[in-house]
Structures are given as structure tokens and as C-alpha cells.
Amino acid sequence: MMKAEKNALVSEFESIENQLVEEIDSLKRKVSGNRKPVADAMVTYSVAQTQTERIEQARSAAPCVLFFDELDSIAKSRGGNVGDAGGAADRVINQILTEMDGMGAKKNVFIIGATNRPDIIDPAILRPGRLDQLIYIPLPDEKSREQIFKANLRKSPVAKDVDMVYIAKVTHGFSGADLTEICQRACKLAIRQSIEAEIRRERERAANPAAAAAMDLDEDDPVPEITRAHFEEAMRFARRSVSDNDIRKYEMFAQTLQQSRGFGTNFRFPSSQGAPAQGGQVPPPVAPGDQANFDDPEDDLYS
């Protein structure tokens, strides 16, 4: 009887313990669910405050260049951020746009943004007076790839028989990061080979103590430079991070944006005063009041 009562008591305690654990987990989920928007709002407010402080620092240090890397992380299209603490991400881009409009030509602050996702950038930030100049930077060509290899290896001992021109020729379609990875992998292979040679030397010294002194006198660097074999092994793992589809997408986006902005139109001034322009239409005269509006610097929104 005592054993049966003890088992029943233990099972009852286990049941109560399981219920308490479930209730605690439920409370944790509710609390974390309630605190998530608050945390997002605090992080977003911190981002907006940081960007505002950086722009203020740029104003005080003018002339200067303010560079935003990964612009799509803070300038994403507004209206599509659902569940971000009441549109906190939209308020960040609104604050950035307000600060950019406050920078006139007299401030001498140049803003540059870089992104590989131009399709999700908010259109308002690409309007005139803001980031209105689109510069598409393609993948490096053969000469550029050669210079990238030389820049990455400028402080590394490379064997004279390593043909940088040939490596640059066979790495068509590789980005700068892909070429840097090849150089880093070749350096790591050389370091690994040097470490393995040092381990073999230590084992030989331990096996033959009598010849250890002579080995110390003749000691030199087992791998003094990066050889062709290291680059050949590194090229086995080389890969492209930008596919041909991505390249076509970027080129089509740049072309579409230029066409939407009206670049490439056949605008021509008339050949003589009063002569009709192309198409037989005479341009309308400019009123004196309109010319005064152009001449007044106080009416310039971005000055």
C-alpha cells in the first residue's frame, strides 16, 4: 500500500510540475510577443537617431563626403513594412529625406549610397536634389582584375613565375570579392604548408637530438613565397558570387531608370532666333516674371 501511495504521489507532483512548466512557457511567449514591437521601435529609433547624428557631423565638418553602404537597409520602399511597430522603418527614411533636403549647395556635403538591391530603394530618395545620379559599376574587366590581384598581394611574397595577367584573363565574370578570396586562399595554403614543414622539423629534432644543432644552423623558411601550386589549388575552389542573371538584372534596371528619367532625348535648340524647332513648333516666349524667378537665389529649394 505504501508503495502504491508513493507512486501516486510522485505522479501527481510530476503532473503539477508539467502544468507549471507549460504555464511559464505560455507567459514567456506572451511577454516576448508583447515586447517585440517595443524592441523593434527602440532599434529603429536608435538607427534614425544615429543617421541624424552622422548628418549633423557631416554638416559641421563640411566640405566632406557622406557614404551610406548597403543603402537598401535603411532606405527601403515605404508602405510595405508590416508589423514593424507602427511604421517605424518608414519614419527612418522620412527622417533621412528631411535631413537630405536640408543640405543645400552651400553646405558642401556630398552624399553617396551603395547598394546591390536598387529595385527596393524608395523612389523618393532618387528624386532630383537627393541621390539623383545613378552610377552603375559593372564587374571589373581584365585590366581591373589584374590590378585587384596586385593590390591584394602587394604585401605578400609571390613567386616570379606566377602570371597575374593569365589569372586575370581566366577569371572573367569574377567580382572584386571573388578575386580577394582567391588571393586569401592561396596565402592560407602557403601558411599551412609552412606550418606542416615546421612540425616535420620538430619531429625530426625529437627523433635525432644529435643532429638538432646542425638543423638549427641550417634552418630557413620552408615556404618563402606563394607559388603557382598554391594559386592552382586556390582556383579549384574559386566561385562567382554574381551570376549572369544578376548582371542582366542590374543592366536592365539601369537602362529602365535612365529611360524613365528622360535621358537620351533628342532635345535641340533652334538654329536661329525665332526659327521653328524640329516638328514645326515655335517655343513659347519666356515672360519677364518667369525669368526673375530663375534669377532669384532665395527661391532655390536646395541652396
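Not measured: the values here are computed from a predicted model.
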- Task: Start with the C-alpha distance between Ile125 and Leu97, add both sets of side-chain angles, then the distance that settles side chain to side chain contact (heavy atoms under 4.5 Å, CB included), and finish with yes or no.
- Result: CA-CA 7 Å; Ile125 205 171; Leu97 294 176; 3.8 Å; yes

- Note on the structure: So side chain to side chain donor-acceptor pair (under 3.5 Å) across residues 151-167, not counting sequence neighbours, yields Asn152-Thr180

- Linking Ile, Leu, Val, Met, Phe, Trp and Tyr through side-chain heavy atoms less than 4.5 Å apart, which residues share a cluster with Val242? Tyr136, Leu139, Ile247, Tyr250

- Item | Heavy-atom neighbours of Lys249 NZ exceed 12 at 6.0 Å | yes

- Message: Within the supplied structure, the quantity of interest is the number of heavy atoms (other residues, nucleotides, ligands) at a distance under 6.0 Å from Arg192 CZ; does it exceed 12?
- Response: no

Just list the side-chain donor-acceptor pairs under 3.5 Å for residues 142-151, sequence neighbours left out, or say none.
residue, atom, partner, partner atom, Å
Ser144, OG, Asp141, OD1, 2.6
Arg145, NE, Ala168, O, 2.7
Arg145, NE, Thr171, O, 3.3
Arg145, NE, Thr171, OG1, 3.3
Arg145, NH1, Pro140, O, 2.9
Arg145, NH2, Ala168, O, 2.8
Glu146, OE2, Lys150, NZ, 3.2

- Heavy-atom pair of closest approach, residues Val162 and Thr227: CG2-C, 3.9 Å

- Message: Distance alone, cut at 3.5 Å: any donor-acceptor contact between the side chains of Ser77 and Asp122?
- Response: no

- Message: To the closest 0.5 Å, what do you measure between CD (Glu198) and CZ (Arg203)?
- Response: 13.0 Å

- Item | Approximate separation, where rounding is to 0.5 Å, of Glu204 CD and Arg201 CZ | 8.5 Å

- Item | Glu232/Arg236 ion pair, N-O < 4.0 Å | no

- Task: Provide the closest heavy-atom pair for Glu70 versus Asn116 in the form atom of the first, atom of the second, distance.
- Result: OE1-OD1, 4.0 Å

- Query: Ignoring hydrogens and geometry, is there a side-chain-to-backbone donor-acceptor pair from Asp72 to Thr115 under 3.5 Å?
  - Reply: no

- Note on the structure: When every non-hydrogen atom of Ala124 is compared with those of Arg130, the smallest separation belongs to O-NH1, 2.7 Å

- Message: Could you go through Cys64 and Asn108, starting from their C-alpha distance and side-chain angles, then the distance that decides it, and tell me whether this counts as side chain to side chain contact (heavy atoms under 4.5 Å, CB included)?
- Response: CA-CA 7 Å; Cys64 69; Asn108 291 330; over 6 Å; no

- Which atom of Ala234 lies closest to which atom of Ala186, heavy atoms considered: CB-N, 3.8 Å

- Query: How close do Asp244 and Arg240 get, heavy atom to heavy atom, and via which atoms?
  - Reply: OD1-NH2, 2.9 Å

- Correct closest heavy-atom pair for Leu153 and Cys187 would be CD2-SG, 4.2 Å

- Task: Would you give the length of the straight line joining atom CG of Asp119 to atom CE of Met252, rounded to the nearest 0.5 angstrom?
- Result: 12.0 Å

- To the nearest 0.5 Å, tell me how far Glu233 CD sits from Ile182 CD1. 13.0 Å

